[in-house]
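Heads up: the structure comes next, in structure tokens.
Counting from 1, the numbers follow the sequence of the chain as shown.
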Amino acid sequence: MKKTFAILLAALTIGLAGCEQTKTPNNADLEQEIIALDKLAWKAWKDKNAEWFKTHTTDEFLSINADGVSTKADVIKATPTDCDVKSFSLDNFKFIVLNETAVVLTYTATQDATCSGQKVTPKVRASVTYVKRNGKWLEAFYIDTPINE
């Protein structure tokens, strides 16, 4: 069930990206803003800063990875205690504007971390959907897939 749900959400995100792309004069500025925001999300995870996720994610936020599906409440609860992050780096960014209030950012993340005593996958391909609400960009959906090298 969880796997089917993850596949459906990923297909929806990709499908929307293909049909609703728009170009705005400040796409480059918006891209840099979203990349900076996403780097702050990773820093918040590393620093065990649950407050960041309270204010920068939508109420219906979902995170999907090899461990399953997490809600905003799950992430906020786990952030202060669940993971020890030694380092991370993000690169190979791709950015898509879906419309004036929704964008998708994908990238490669390399991480040195353990969660619940288990080493996390060292390299993943992440996709993040941000939506604009009340003039503020919020993370709505995060999914990552392991990269096997």
*For the pair Lys119 and Asp112, find out whether any cationic side-chain nitrogen is under 4.0 Å from an anionic carboxylate oxygen.*
yes
_Tell me whether Lys132 is salt-bridged to Glu33, with the criterion being a basic N under 4.0 Å from an acidic carboxylate O._
no
*In this structure, are over 12 heavy atoms from other groups packed under 6.0 Å from Lys77 atom NZ?*
no
Can you tell me how far apart [atom1] ([X]) and [atom2] ([Y]) are? Round to the nearest 0.5 Å.
X      : Y      : atom1 : atom2 : value
Lys123 : Asn148 : NZ    : CG    : 11.5 Å
Lys48  : Asp82  : NZ    : CG    : 8.5 Å
Phe61  : Tyr142 : CZ    : OH    : 9.0 Å
Cys83  : Gln118 : SG    : CD    : 11.5 Å
Ile143 : Ser127 : CD1   : OG    : 7.0 Å
Leu30  : Asn27  : CG    : CG    : 6.5 Å

*Side chain of Lys46, backbone of Phe88: donor and acceptor closer than 3.5 Å?*
no
*asked:* Looking only at the side chains, is there a donor atom on one of Glu60 and Thr58 sitting less than 3.5 Å from an acceptor on the other?
replied: yes
Work out which heavy atom in [X] is nearest to a heavy atom in [Y]; give both atom names and the distance.
X      : Y      : result
Lys136 : Thr55  : NZ-O, 2.8 Å
Phe93  : Lys39  : CZ-CE, 4.0 Å
Asp91  : Arg125 : O-NH1, 4.4 Å
Thr79  : Asn49  : CG2-N, 3.7 Å
Val97  : Asn99  : CG1-O, 3.4 Å

Among the clusters formed by ILVMFWY side chains lying less than 4.5 Å apart, do [X] and [Y] turn up in the same one?
X      : Y      : value
Val120 : Val124 : no
Val128 : Leu138 : no
Ile35  : Leu37  : yes
Ile147 : Leu90  : no

*Take the angle between the ring planes of Tyr107 and Trp42 and call it parallel below 30°, perpendicular above 60°, tilted in between.*
perpendicular
Just wondering, do [Y] and [X] contact through their side chains at under 4.5 Å, heavy atoms?
X      : Y      : value
Ile64  : Val69  : yes
Val103 : Trp137 : yes
Thr114 : Lys86  : no
Leu40  : His56  : no

*asked:* Does Phe53 form a side chain to side chain contact (heavy atoms under 4.5 Å, CB included) with Lys72? I'd like the steps, not just the answer.
replied: CA-CA 7 Å; Phe53 295 98; Lys72 177 177 185 165; 5.8 Å; no
